[in-house]
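Order of appearance sets the numbers: ligands from 1, and atoms from 1 within every ligand.
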Amino acid sequence: MNWDDTAPSTDAAAPAGPDRLVGADADGEDTAVEAALRPKDLQEFVGQERVREQLDLVLRAARARGATADHVLLSGAPGLGKTTLSMIIAAEMGAPIRITSGPAIQHAGDLAAILSSLQEGEVLFLDEIHRMSRPAEEMLYMAMEDFRVDVIVGKGPGATAIPLELPPFTLVGATTRAGLLPPPLRDRFGFTAHMEFYAPEELQRVIHRSAGLLDVALEADGAAEIAGRSRGTPRIANRLLRRVRDYAQVKADGVITREIASQALGVYEVDARGLDRLDRAVLTALLKLFGGGPVGLSTLAVAVGEERETVEEVAEPFLVREGLLARTPRGRIATPAAWAHLGMVPPQHQAGGNGQQGLFGA
Ligand SMILES: Nc1ncnc2c1ncn2[C@@H]1O[C@H](COP(=O)(O)OP(=O)(O)OP(=O)(O)O)[C@@H](O)[C@H]1O
């Protein structure tokens, strides 16, 4: 059985949804603080060992040849460090960086204007590259390969293509959905890196580093507590750290211990595994009202009083990733881990009755 056949491709595809402390997209406060927390070079960048090692080789080799680095494609969920890494690439190459995004480039002319104003060796960071318009994408093919674009002047039969030479540049494309990129675009990147979710130990290092920069007193156990609730994502880890810091200042002596972190995140309704109120509402309805499923998505959404899309795209991806919920052709079902997480015991007859025994064992 394909358990995930009704799934959208990644969490990353999710709409922003309700404002959530554990949402992976940047909010206003993140945007303001993140600049100060970004690692400045590959040494400071925590985790992603394989990506770092490979990228280090690519950049060193280019530097040794005195050449511009190959184009780089970074894929992975929001908040894992793609923007940070693009800035590091520019810094390591001693090059300036220009930042834009796919949705901002609707016409080929928009892209031509950016490309033609690049300096030699400049890094162009193109976030959400999968959301660029088709004509712009086609212009990018030639720009990446030949450092040249054809600017079309006029319309209809009288239109002429004026070739425009570009200085060599490095394109760093970022996408949450590498599978959506057309192969001709993907093939034009010399180096492709997939960023994984971070292990709790790595997040602890991110949190310690950020605490140092923010001048927050943090005990090792406190960092571990925050890391365990950060859903594998540095952006969320940094955000939870800031909320726990507030609590520690107001309710205690400012020092973040395990107990303080746990109390603070309890106030914000982020549980020990990083689930928030919405996630738990979905799981609770699935277990209490539908005996663990299977239940259709629309029914589940009505039961929690949310839109179908909110349940499917905001809550479910993390629950699936955590192995708490499975999507099957017959509907959503809770896994044994979901019962355990909410401290409930599955009703005996459900195990055979809804097929969970066959799927999950006794
Ligand atoms: N490996 C890391 N080490 C330390 N901090 C990190 C790391 N990765 C990300 N961060 C921090 O997490 C925050 C989010 O990172 P960043 O903006 O680079 O993510 P992103 O993948 O580009 O997200 P989006 O796709 O939403 O733009 C930043 O504050 C950054 O400093």
- In a check of side chain to side chain donor-acceptor pair (under 3.5 Å) between D271 and each of H341, R229, R277, which one passes? H341

- D146 side chain to R148 backbone, donor-acceptor under 3.5 Å: no

- Message: Taking R239's backbone N and O only, do any of them form a donor-acceptor pair with R243's side chain (distance below 3.5 Å, no angle check)?
- Response: no

- Message: Testing the basics here: between P78 and T233, what is the closest heavy-atom pair and its distance to 0.1 Å?
- Response: O-CG2, 3.6 Å

- Distance-only polar pair, side chains of Y141 and E137, donor-acceptor under 3.5 Å: yes

- What does the list of residues with a heavy atom under 4.0 Å from ligand 1 look like, ordered by chain and number? E34, L37, R38, P39, F45, V46, P78, G79, L80, G81, K82, T83, T84, D127, Y198, V206, P234, R235, N238

- Item | Set of residues satisfying ring-ring contact (aromatic ring centres under 6.0 Å, His included) with respect to F169, sequence neighbours excluded | H71, F147

